[in-house]
Number of protein chains: 2
Amino acid sequence: MDSKKRKKLEAKGWVFGDAADFLSLTPEEARLIDLKLALRASIKEERMKQNITQEELAKAMGSSQSRIAKMERGDPAVSVDLLLRALMALGMSNKQISKIIA
Amino acid sequence: MDSKKRKKLEAKGWVFGDAADFLSLTPEEARLIDLKLALRASIKEERMKQNITQEELAKAMGSSQSRIAKMERGDPAVSVDLLLRALMALGMSNKQISKIIA
DNA sequence: TGACATTATGTCAGATTTGCCATATTCTAA
DNA sequence: TTAGAATATGGCAAATCTGACATAATGTCA
């Protein structure tokens, strides 16, 4: 809904943490943002741990390096679907993924 | 990727279960479908339990009745994002949601 | 320093997803 | 049965998301 505003703020260096409610975000929207944040962090962390480049991860999941970069960097225009695909491509089990969310 | 094919099959009454790999789905795609299936089921279940109509849930999350119907019915063109928003609008905690995924 | 690998940023057309509307179908109780 | 509530289906324009590409910025190591 407020992706424009959000994008604008993030363009200026903002990073969203636990309380992203200074915009007119519904609680659900805020929760979803925080959830994405957690997923993104895990992707980067796991990729690093496996010593895989963004390029390699991209190929493994049929995406592109630039999208991975955006994903890890925090572009709001990245769906949960894509984040989950990345985690799965990294070999994460549902159990592991669920731990990130909880 | 194969959403066309998938949609076509589902239009004919197919419902996807654990092994949706008879199409050329990557393992990640198949896992994502199964995950969506679980989320959808939980939404319907929880909505029923709370005695809420699709109309009411729709309003609570800023969507529409028809989309909720599609969501619960299994329209492949529903993002995980939307499913999560629904679960959140139903008052589910992250912990509860994570249990669905695991 | 320079060459090279990796990651970041900007852009875009095509694909997907969205809310919404109309309407059909199914369900429920009198 | 019939009315009315609830759900399902079809369709659409607008919004969002996507992979891809070019290119810039950053890191790394000799």
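Naming convention: chains lettered A, B, ... in sequence-line order (proteins, then strands); numbering from 1 in each chain.
Hydrophobic clustering (ILVMFWY, side-chain heavy atoms < 4.5 Å, transitive): Met88(B) and Ile33(A) are in distinct clusters. At a threshold of 4.5 Å between side-chain heavy atoms, the hydrophobic network of Ile, Leu, Val, Met, Phe, Trp and Tyr places Ile101(A) and Leu37(B) in two separate groups.
Contact annotation for Ser64(A): base contact, defined as any heavy-atom pair under 4.0 Å involving a base atom.
Distances shown here put a side-chain N or O of Arg47(B) below 4.0 Å from the OP1 or OP2 atom of dT7(D). Between Arg85(B) and dG19(C), a side-chain N or O to OP1/OP2 separation shorter than 4.0 Å is present. Contact annotation: Ser63(A) reaches the phosphate of dG19(D) (side-chain N/O to OP1 or OP2, under 4.0 Å).
In this structure, Leu83(B) places its CG atom 11 Å from P of dT17(C), rounding to the nearest Å. Between the CG atom of Leu82(B) and the C1' atom of dA15(D) there is a distance of 14 Å, rounded to whole Å. Rounded to whole angstrom, the span from the CD1 atom of Ile43(B) across to the C1' atom of dA8(D) amounts to 16 Å. Remark: P of dT9(D) and CG of Asp75(B) are 10 Å apart, rounded to the nearest angstrom. When rounded to the nearest whole Å, the span between CG of Asp81(A) and P of dC17(D) equals 10 Å. Summarising the geometry, the separation between CZ on Arg73(A) and C1' on dA8(C) is reported as 6 Å, rounded to the nearest angstrom. The distance from atom CD of Glu55(B) to atom C1' of dG4(D) is 15 Å, rounded to the nearest whole Å. Whole-Å rounding puts the Glu29(B) CD to dT16(C) P distance at 11 Å.
Residues Met92(B) and Glu46(B) are in side-chain contact: their nearest non-hydrogen atoms beyond the backbone lie under 4.5 Å apart. Val80(A) has its side chain out of reach of Leu83(B): every pair of non-hydrogen atoms, C-beta onward, lies at least 4.5 Å apart.
Counted by atom type alone, Gln54(B) and Gln65(B) present one or more donor-acceptor pairs between their side chains at under 3.5 Å.
Taking a 4.0 Å limit (strictly below) on heavy-atom distances, residues 65-72 of chain A reaches DNA chain C at Gln65(A), Ser66(A), Ala69(A), Lys70(A).
Salt-bridge formation is detected for the pair Lys36(B)/Asp81(A): a Lys NZ or Arg NE/NH1/NH2 atom is positioned less than 4.0 Å from an Asp or Glu carboxylate oxygen. A salt bridge is defined here as a Lys NZ or Arg NE, NH1 or NH2 lying under 4.0 Å from an Asp or Glu carboxylate O, and Arg47(B) with Glu56(B) fails to meet this definition.
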